[in-house]
Structures are given as C-alpha cells and as structure tokens.
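To start, the structure under review is shown below, and the notes come after it.
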Amino acid sequence: MVAEVWLRRGVLDPQGQAVRGALRALGYEGVRDVRVGKLVELRLCAPGRDAAEGQVRAMCSRLLANPVLEDFRVAAVEPAEDASDAGSAGSPAGPSAGGEAG
Amino acid sequence: MSRAEGPAPGREGWGTPSAAARFGVVVFPGSNCDADCFWALEHLGYRVRYVWHQDSDLEDLDCVVLPGGFAYGDHLRAGAIARFSPVMQAVGRFARDGGLVLGICNGFQVLLEAGLLPGAMLANSGLRFICRYVFLRVENASTPFTRLCRPGQVLRIPIAHYQGNYYAGPATLSELERRGQVVLRYCDEEGRVTPESNPNGSLGGIAAVANPGFNVMGLMPHPERACLAELGSTDGRLILMSAAEEAVRRRRAPQAAAAAGPPDASAGAGAGPAGAAGTAPPGAGR
C-alpha cells in the first residue's frame with residue numbers, strides 16, 4: 001500500500017515555494033506551482049485489499065498525516081519482485097484471504 | 001532528585017517563594033533541552049525531577065514540562081511519534097484533571113500533535129533554522145503561565161527552531177483570538193506586532209497558545225534559556241515562576257481554582273480564579 005500525504009490546499013508550502021524558485025532559477029520558467037508531499041510505502045498482511053486499505057487509511061488519520069494540515073490518498077500497488085518474497089503463499093495482489101497486500 | 005528549601009541566597013525580590021512547587025521534566029529520546037529546564041527550575045528554587053518517556057506516574061507533580069529538542073528525531077513530523085509514548089497518555093489525563101502542562105518548543109509541537117493544544121506547526125516560512133532573541137508581547141496576563149506579567153508586557157526570550165510557523169484553520173484561529181487563548185505574540189522592542197518582527201511566518205504572529213482550560217500552554221521560545229542575567233535575559237523566569245505560583249495555589253485551593261473556571265484576557269491584570277472565589281493569591285508584586 002502507498003499513502004500519499006499532502007499539505008492541504010490553502011496551507012502555505014514553503015518547501016514547495018523554495019523548490020519552485022530553484023526550478024525557475026534553473027531555467028524552467030514555465031513552472032507555476034510546486035508542492036512537496038510525502039510517500040509512505042507499507043507492506044502489510046491483511047485479509048484482503050479492502051481491509052488493507054482500511055487499515056492504512058486509519059494509520060493516516062492517526063499518525064501518518066496531521067489532519068489539521070494535511071490530506072492523504074491511499075492506493076494499493078503491486079509489490080516489487082523480491083528474493084525474500086519467495087516464501088509467501090498466494091498471489092501478492094488481490095482480495096485473496098490471508099494473502100499479503102502490498 | 002534534589003529538594004530545594006526555598007529560593008537560594010541572593011534572590012530577594014523574585015516574588016513569592018514557591019519552593020513547594022513540584023515540576024516534572026519529560027525526557028523523550030532526542031529531547032535536548034531537558035537539562036536546561038531542570039537546571040532553570042532548580043535554580044529558581046523549585047522541586048524538579050525527570051520523567052522518562054516510558055513512565056506514566058505523574059502523581060507527585062504540580063506541573064509537567066515538555067522540553068525542547070528533537071523527540072524521536074522529529075521523524076514524520078515533529079512530535080508525531082512522541083505523542084504516542086506512555087508518558088503522553090499520562091500527560092493527557094493529567095491535563096484533563098487540571099494539572100499544569102508547559103510545552104516548550106518541541107514540547108509545544110508534541111502537545112499540538114497530541115491534540116492537547118489546537119493547531120499545528122509548519123516549517124519556518126524562510127525555511128531556515130532560527131536561533132536568536134525575539135521580543136514577545138504578553139496578550140493574556142491572566143493565564144497560570146503569565147500571571148506575573150503585565151498585559152502588553154514585552155519579554156525578551158530566545159528561540160531556536162526550524163518548525164515554529166504556527167498554523168490553525170480560520171475557525172480555530174478566530175476562536176483562539178476571541179477566547180484569549182493566544183498568550184504570546186512576536187513583536188518588536190516597542191511591543192508592536194509587525195510582519196518584520198515575526199521570525200517564522202506564524203499566523204497572527206502567534207508564539208504561544210493555551211487550551212480552553214488555560215492549564216496547558218505551548219510556546220516556541222525557550223524561557224529556561226532566559227533565567228540568568230549573565231546569559232542575556234531573565235524574562236523567562238516570569239513564565240516559570242507564574243506556573244510555580246499557580247501550581248501551589250491550586251494545591252492549596254483546588255475547589256476554588258476549579259469552580260472559578262478559566263481566566264481570559266478581558267479579566268485584566270491580576271484577576272484570576274482565586275479572586276472570584278474569594279481567596280487571595282500569594283502576594284507576588286508586579
């Protein structure tokens with residue numbers, strides 16, 4: 001699962017402003033606005049994709065995002081091929097019970 | 001843990017001896033201003049002990065101090081992880097029961113993340129770590145942490161932070177202003193709140209806020225670094241001593257303090273919960 005955490009629209013993003021300034025100084029004068037967010041990638045075991053997504057949304061509400069300042073999006077992604085995955089049973093993605101949701 | 005028996009020699013005129021006030025300075029992994037807080041409180045003649053982040057016994061304390069630093073490395077967001085430590089569960093209960101809680105810098109950030117104070121912190125608008133003296137105007141001199149100050153008094157206290165840019169949504173902000181929960185604002189030497197005197201872009205130049213009950217306050221400046229004349233300012237003493245006096249008053253008359261409710265800015269200098277209940281606060285002088 002991947003959680004994207006963004007500052008809410010209307011909250012000043014000094015980091016984004018700084019990056020915008022730097023890009024324009026590099027010659028990319030067409031850059032209008034830049035916002036810098038955070039990506040949190042989680043590998044977790046859950047009884048299916050919906051359950052995994054629900055858990056990650058709760059994690060965002062409780063810890064990963066600060067609701068005063070930030071919004072978040074959660075998405076399931078295919079886990080990268082990994083030698084250490086050799087032992088996991090079932091398909092890596094999809095709502096199969098007991099499977100690992102990436 | 002040393003126990004001070006009153007102000008040390010040479011401290012005449014500092015106000016009421018509140019040696020009985022008992023402070024706990026929380027230590028998170030990454031806190032680095034805990035020793036300064038401990039030293040300042042002990043230097044002022046109060047009883048102090050450290051509270052390890054995994055401890056949850058605050059029974060013997062009048063006031064809990066969350067010091068500055070980088071608790072849990074400021075990972076994810078400053079204070080985001082610290083808020084879930086065992087001690088913070090206890091601090092939540094302590095605050096709900098009316099105990100005094102003072103969050104300094106990182107401590108303020110922890111209180112915001114824990115929801116014990118409203119709002120949140122962003123990176124300084126200039127994206128620089130700022131370490132220098134600032135002037136602060138006392139907006140509400142009726143809180144437990146500013147009782148020894150005059151309304152509008154200008155304090156000179158240092159800041160040292162990268163994420164001190166206070167933010168709250170419009171509805172929250174107007175509520176804070178209305179209720180007098182904005183305790184300190186950045187200002188110039190004359191006490192004027194101007195954009196130039198705002199070091200970090202905080203909304204409304206806000207440097208310190210209190211909760212609706214006024215028993216919890218967070219401030220970005222470091223009062224513990226302004227307690228010794230040799231170091232440049234002693235204005236920080238006013239905040240620590242105010243808390244100590246209030247702590248002792250609350251211990252002596254808990255019903256009075258609870259019944260009179262929270263103080264607000266419109267009550268004026270000197271007015272506070274004890275006044276309403278008919279018990280006089282210890283003469284402190286202003």
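As the structure is a prediction and not an experimental result, all values here were calculated from the model. Convention: sequence-line order gives letters A, B, ...; per-chain numbering from 1. All values below were derived from every heavy atom in this structure, side-chain atoms included, with hydrogens, water molecules and symmetry-related copies excluded.
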Dump the intermediate steps for side-chain contact (heavy atoms from CB on, under 4.5 Å) on B:L112 and A:N66, then the final yes or no.
-> CA-CA 10 Å; B:L112 290 168; A:N66 180 332; over 6 Å; no

Give the member of A:Q17, A:E70, A:R8 that has the highest number of heavy-atom pairs under 4.5 Å with chain B.
->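 Ranked by contacts with chain B, first place is A:E70.
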
Part of B:L127 within contact of chain A (heavy atom distance under 4.5 Å) |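 Only the side chain of B:L127 comes within 4.5 Å of chain A.
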
Mark yes when over 12 heavy atoms from residues, nucleotides or ligands other than [X] sit less than 6.0 Å from its [atom1]; otherwise mark no.
X: B:R128; atom1: CZ; result: no
X: A:E41; atom1: CD; result: no
X: A:Q15; atom1: CD; result: no

Heavy atoms only: give me the nearest B:A123-A:P14 pair and the separation to one decimal.
->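 Residues B:A123 and A:P14, closest heavy atoms: O-CG, 3.9 Å.
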
Quick one: closest heavy-atom pair of B:L122 and A:L12, and the distance?
->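 Heavy-atom minimum between the residues: CD1-O, 3.9 Å.
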
Are side-chain heavy atoms of B:T172 and A:V68 found at a separation under 4.5 Å?
->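 Side-chain contact under 4.5 Å: no.
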
Portion of A:L7 that has a non-hydrogen atom of chain B nearer than 4.5 angstrom |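 A:L7 touches chain B through side-chain heavy atoms alone.
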
Is there a donor-acceptor contact under 3.5 Å from the side chain of B:R83 to the main chain of A:L63?
->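 Absent.
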
